[in-house]
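Some notes on the structure that comes next.
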Number of protein chains: 2
Amino acid sequence: MPKSYPAPARFPVTVDVVALTVSEDVLNVLLITRLIKPFRGALALPGGFVLAGEDLVTAAGRELAEETGVEQIPGHLEQLGSYGPKGRDPRGDVLTVAHLLLAPNFPVLSAGSDAEHAAWYPVSQVLEGVLKLAFDHERILADALERARSKLEYSPLGVAFCGEEFTIAQLRAVYEAVWGTRLDPRNFHRKATGTPGFLEDTGRMTTGDAGRPAALFRLAEAARPLTGQPTRAVLNPPLMRPRD
Amino acid sequence: MPKSYPAPARFPVTVDVVALTVSEDVLNVLLITRLIKPFRGALALPGGFVLAGEDLVTAAGRELAEETGVEQIPGHLEQLGSYGPKGRDPRGDVLTVAHLLLAPNFPVLSAGSDAEHAAWYPVSQVLEGVLKLAFDHERILADALERARSKLEYSPLGVAFCGEEFTIAQLRAVYEAVWGTRLDPRNFHRKATGTPGFLEDTGRMTTGDAGRPAALFRLAEAARPLTGQPTRAVLNPPLMRPRD
DNA sequence: TCGATTTATTGTCAAGGTGACGATAACTAC
DNA sequence: GTAGTTATCGTCACCTTGACAATAAATCGA
């Protein structure tokens with residue numbers, strides 16, 4: 001007998017974004033202060049409803065742009081995962097598709113007083129429970145963090161946190177902030193510069209900083225993530241974070 | 001000014017499942033023959049609508065059970081990713097949350113003639129274009145395959161393709177089928193048995209097969225995936241698939 | 001101007017993991 | 001029994017990594 005299809009339930013679908021950046025050696029996440037119920041006044045991930053005829057990543061980018069006042073969001077945006085319609089919003093079943101943005105530190109516009117206010121907060125503050133997030137956003141943040149941490153191991157996405165050009169030390173600071181560990185500068189330098197197809201020397205150097213000037217690198221052409229393709233396993237063998 | 005929320009669009013939400021298994025050294029995927037339009041008569045991934053009050057993985061498991069006639073689906077089921085409402089179904093915007101099942105080979109009930117018929121097909125047949133899939137299911141399958149391949153590298157999920165107890169050679173056959181490569185039996189044996197916390201010797205042996213009897217192993221307690229937790233990186237350093 | 005300090009970069013060395021492959025062990029098939 | 005097959009144990013050269021010495025090239029402070 002043909003299956004009797006229940007009336008195809010329709011769900012409100014939102015996109016949320018875990019936007020991460022490294023600022024002054026600290027990993028930060030972009031949060032907004034909610035102006036409407038539920039969780040009014042609480043901190044939450046930026047996000048909003050998907051519009052008809054819109055794609056998921058597109059919606060995520062649009063919401064991010066709207067809520068930060070930044071037109072062109074820099075960095076690498078990818079889908080993280082979906083969080084089931086059941087029991088995550090007191091108003092009813094809402095499906096949310098979480099996204100992950102790895103971005104260089106960009107300033108968010110401190111919007112007018114009655115718009116939702118977006119700002120960067122240290123991730124550690126959330127993990128330690130100093131800051132509480134609305135809905136199931138703490139779990140989403142935890143998943144995003146784990147995704148980011150593992151991506152740094154085998155993909156070139158660590159550079160998404162840096163500007164167009166960066167030093168090895170800046171890249172190392174990214175790894176240290178995301179992983180929450182210290183890495184030996186000499187060994188990191190060897191791995192970063194010694195991995196074929198990862199970094200390209202721009203020929204230029206930093207000036208004005210303390211200490212010896214550092215060479216500026218950019219992501220090698222071959223390591224650029226192809227849109228739609230899975231991020232390539234450029235770091236092979238991977239650059240593993242220290243365990244234990 | 002407060003953002004003017006457009007009427008929260010609601011979308012039909014489906015779950016699809018890429019169910020993979022290894023049978024006779026060949027990687028297979030579970031496909032159904034569609035009985036209704038669109039793509040009537042074509043092959044597609046099993047799946048269906050999410051019901052109100054249902055979670056995503058739950059829905060995926062339910063649909064799988066319904067369409068195979070198997071009550072308790074074995075193996076490891078996890079979310080793969082979501083595929084945007086835009087332009088993937090000629091009937092309109094439908095959001096689908098794809099899932100991945102890694103399972104030992106289980107027989108699907110050849111249901112009555114007018115139910116959707118589910119069966120295992122070699123993945124290679126789809127990749128080579130011999131079999132065409134409905135909707136964007138070929139892309140979903142490709143993503144699932146990549147996910148499965150990379151999971152075998154660092155997680156213990158290869159054993160999800162095996163029964164409760166298995167030999168090293170059976171596990172190696174899984175790796176070879178999923179990765180599409182040959183692996184040196186001696187080196188694989190060394191890595192599999194030499195990784196602490198991965199496998200447990202049951203003390204029992206195979207009998208009746210050709211060649212020397214093999215020891216039977218099971219997944220070590222410490223490597224069991226905790227539900228809700230990210231699958232653990234038991235294989236550390238990872239067991240990398242050969243590149244090039 | 002001259003160390004002192006800071007950071008970048010190049011090496012060195014031992015330990016551990018991997019790929020390639022030899023050698024046995026312990027069965028089944030005939 | 002003998003041949004064939006598969007499992008398991010070893011060996012060895014090579015590569016990568018972690019720990020750490022040494023040098024290079026700037027800024028900073030007096």
Side-chain angles (χ1 to χ4, degrees), chain A residues 24-25 152-154 162 165-176 179 181-218 233-244, chain B residues 24-25 152-154 158 162 165-177 179 181-218 233-244:
Chain A
E24 326 230 343
D25 297 342
L152 292 207
E153 295 193 326
Y154 60 88
C162 302
E165 299 188 352
F166 49 88
T167 67
I168 301 293
Q170 285 165 4
L171 183 59
R172 176 165 49 84
V174 165
Y175 276 77
E176 292 182 332
W179 285 349
T181 60
R182 316 257 19 181
L183 299 172
D184 184 287
R186 297 158 291 187
N187 292 338
F188 185 86
H189 189 280
R190 177 180 57 193
K191 177 75 176 177
T193 58
T195 298
F198 182 28
L199 298 182
E200 247 170 35
D201 196 330
T202 65
R204 294 198 289 152
M205 310 281 286
T206 56
T207 59
D209 299 336
R212 175 176 170 177
L216 284 167
F217 292 83
R218 77 169 75 88
V234 168
L235 295 173
N236 186 3
L239 175 50
M240 303 290 284
R241 57 189 134 159
R243 315 271 168 176
D244 313 336
Chain B
E24 326 232 343
D25 297 343
L152 291 207
E153 294 192 327
Y154 59 88
C162 303
E165 299 188 353
F166 49 87
T167 67
I168 301 294
Q170 286 165 6
L171 184 60
R172 176 166 48 85
V174 164
Y175 275 78
E176 292 182 332
W179 285 349
T181 59
R182 314 252 29 175
L183 299 173
D184 184 285
R186 297 159 290 191
N187 292 338
F188 185 85
H189 188 281
R190 178 180 56 193
K191 178 72 175 178
T193 60
T195 298
F198 182 27
L199 299 182
E200 245 171 35
D201 196 330
T202 65
R204 293 198 290 152
M205 313 281 286
T206 56
T207 60
D209 298 337
R212 174 175 171 179
L216 283 167
F217 292 84
R218 77 169 76 87
V234 168
L235 296 174
N236 185 2
L239 175 50
M240 304 289 284
R241 57 190 134 158
R243 314 273 168 176
D244 312 337

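Below, each value reflects all heavy atoms present in this structure, side chains not excepted, and no hydrogens, waters or symmetry copies. Naming: A, B, ... by sequence-line order, numbering from 1 per chain.
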Requested in this report: For the residue pair A:L199 and A:D201, establish whether any side-chain heavy-atom pair is separated by less than 4.5 Å.
Outcome: no
Query raised in the report: Please give, in whole Å, the distance from D:dA7 P to B:L183 CG?
Result: 14 Å
Query raised in the report: Atom CD1 of B:I168 to atom C1' of D:dT6: distance rounded to whole Å?
Result: 13 Å
Report task. Keeping the roles fixed (side chain from B:N236, backbone from B:P238), state whether a donor-acceptor pair exists under 3.5 Å. Result -> no
Query raised in the report: Does A:A214 or B:R212 map to a spot on DNA chain C nearer the 5' end, using the closest nucleotide for each?
Result: A:A214
Query raised in the report: Is any side-chain heavy atom of A:W179 closer than 4.5 Å to a side-chain heavy atom of A:E153?
Result: yes
Query raised in the report: What's the closest nucleotide to the B:H189 side chain, out of D:dC9, D:dA24, D:dT6?
Result: D:dC9
Query raised in the report: D:dA7 C1' sits how many Å from B:Q170 CD, rounded?
Result: 13 Å
Report task. Let me know the distance between CG of B:D184 and P of D:dC9, rounded to the nearest Å. Result -> 14 Å
Query - Along DNA chain C (nearest heavy atom to each residue), the more 5'-positioned of B:G211 and B:L239 - result: B:L239
Query raised in the report: What distance do B:I168 atom CD1 and B:R190 atom CZ have between them, rounded to the nearest 0.5 Å?
Result: 13.5 Å
**Report entry** Closest contact, heavy atoms only, B:D25 versus B:A177
**Finding:** O-CB, 3.7 Å
Report task. Let me know the distance between CZ of A:R186 and P of D:dA24, rounded to the nearest Å. Result -> 16 Å
Query raised in the report: Rounded to whole angstroms, how far apart are CG on B:N187 and P on D:dA7?
Result: 15 Å
Report summary line: DNA chain C: first to last nucleotide in contact with chain B (atom under 4.0 angstrom from a heavy atom), 5' to 3', is C:dG17 to C:dT28
Requested in this report: Can you check whether any acceptor in the base of D:dG18 is under 3.5 Å from a donor in the side chain of A:R190, or vice versa?
Outcome: yes
Report summary line: By nearest-nucleotide position on DNA chain D, the 5'-leaning member of B:P213 and A:P213 is B:P213
Requested in this report: Any chance you could measure B:F217, atom CZ, to B:E165, atom CD, to the nearest 0.5 Å?
Outcome: 11.0 Å
Requested in this report: By nearest nucleotide on DNA chain D, pick out whichever of A:A210 and A:K191 is the more 5' one.
Outcome: A:K191
Query raised in the report: Taking the side chain from B:T202 and the backbone from B:L216, do they hold a donor-acceptor pair closer than 3.5 Å?
Result: yes
Report summary line: With the side chain defined as heavy atoms from C-beta on, B:R172 is closest, among D:dA19, D:dA7, D:dC9, to D:dA7
